[in-house]
2 protein chains.
Amino acid sequence: MALMAPTQQVKRRATNQGAAVKEALAAEDTFRSAQDVYATLRASGEKIGLSTVYRHLQIFVDDGLADVIHKPDGESTYRLCGDASTTHHHHLVCRQCGKAVEIEGPAVETWADKVAAQHGFSDVNHTVEIFGLCTACAA
Amino acid sequence: MALMAPTQQVKRRATNQGAAVKEALAAEDTFRSAQDVYATLRASGEKIGLSTVYRHLQIFVDDGLADVIHKPDGESTYRLCGDASTTHHHHLVCRQCGKAVEIEGPAVETWADKVAAQHGFSDVNHTVEIFGLCTACAA
DNA sequence: GTCTTATCGGGAATCATTTTCATTATTGCA
DNA sequence: TGCAATAATGAAAATGATTCCCGATAAGAC
């Protein structure tokens, strides 16, 4: 249940598949679903299985290399977000194309902690995502 | 895609099942899953189908009577939150038992709108949820 | 009471994600 | 460099929440 655990890279083998998934994510600054990444890789001739895509995406999250956003329809989307040392941040996401901008809101962080403390909640954690239509999709 | 659409109650028949679902939700101030509500109702002898539970929960959301929170594991949880005229608010949720406290953060609202505007995003929307362990569950 | 039709509900169908497990490929080490 | 130990892979099956289908049921109108 430990939260906020910093980087603690577990021994990990270097494989083509792992690199391919990372590349696919790195190629776009949008949040993408596992199914989407899988389809893209297969379309580009990559030899990889769906399970493997899921596995690597989860690994990136565990290692703090990627962020996840759970869309309202239940699908999980991933995006590389610097290494684990990167500051805590949130996202402004286009609900149409998934393009995301990293944003910070120091005030929000402190506010969240304060509110939680006032109600006696511990081991606090929060999610803040702003959705909208990017200029491109607004057309 | 119209957001923030205020109450526009469609003609709706009064049924035992609908009342039962609402009662089940009203009995607790926690976010509960459809499966959970269904199990509770059946356990208490209520004659109702799973589809019906889903249907009513969705209706409550559409009518602005309930709020939804999509848990990281993909499950959707519901909670009655006043009528549609109730002010926009967020939640401080216990990730263990689901107990929730309604909270407000006017500053967050304006911040979100400003950030979105700065990046040219329109039709903005946001989700802010604070998770933690309530005093009861911290034990 | 009777008719019209919204609502039910059980089961099949979806769909994303996870698990299983036999096969394959990396890495550490002799 | 060669090889054993074992992490990684992937195809198929399993899971689990949610939705769809459609004949049966019941609420509201007259």
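Note that the structure is predicted; figures quoted are calculated from it, not measured. Residue numbers start from 1 in every chain, and the chains themselves are labelled A, B, ... in the order their sequence lines are given, proteins ahead of strands.
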Nearest-nucleotide comparison on DNA chain C, the residue closer to the 5′ end among R13(B) and Y38(B): R13(B)

L50(A) CG to dT17(C) C1', straight-line distance once rounded to whole Å: 8 Å

Ring geometry between H56(A) and F60(A) (parallel below 30°, tilted from 30 to 60°, perpendicular above 60°): tilted

Length of the line joining L57(B):CG and dT18(D):C1', which is rounded to integer Å: 12 Å

Residue mapping more 5' on DNA chain D - nearest nucleotide basis, T15(B) or Y78(B): Y78(B)

Check: dG28(D) base within 3.5 Å donor-acceptor of R12(B) side chain: no

NZ/NE/NH1/NH2 to OD/OE distance under 4.0 Å, E102(A) and R79(A): yes

Residues H90(A) and H126(B): side-chain donor-acceptor under 3.5 angstrom: no

Side chain of A34(B) - closest among dT18(D), dA16(C), dG10(C): dT18(D)

dT18(D) phosphate, OP1 or OP2, under 4.0 Å from Y54(B) side-chain N/O: yes

Atom-pair distance (CD on E75(A); P on dT18(C)), nearest Å: 12 Å

I59(A) CD1 to dT18(C) C1', straight-line distance once rounded to whole Å: 14 Å

Rounded distance (Å) that lies between atom C1' of dG10(D) and atom NZ of K47(A): 7 Å

First of R55(B) and N16(B) reached from the 5' end of DNA chain D, by closest nucleotide: R55(B)

Sugar-phosphate, base or nothing in reach of S33(B), heavy atoms under 4.0 Å: nothing

OP1 or OP2 of dT19(C) under 4.0 Å from side-chain N/O of S51(A): no

Cluster check F31(B), L133(B): I/L/V/M/F/W/Y, side chain < 4.5 angstrom: no

K71(B) NZ - dT17(C) P separation (whole Å): 16 Å

Minimum-distance nucleotide to I48(A) side chain [options: dG10(D), dT19(D), dT17(C)]: dG10(D)

Under-4.0 Å side-chain N/O to phosphate OP1/OP2 contact, Q17(A) with dA8(D): no

Distance-only polar pair, side chains of Y38(B) and E46(B), donor-acceptor under 3.5 Å: no

Atom-pair distance (CZ on F60(B); P on dT7(C)), nearest Å: 12 Å

d(NE2, H70(A); P, dC15(C)) in whole Å: 21 Å

Distance test, side-chain N/O of H56(A) to OP1/OP2 of dT9(D), below 4.0 Å: yes

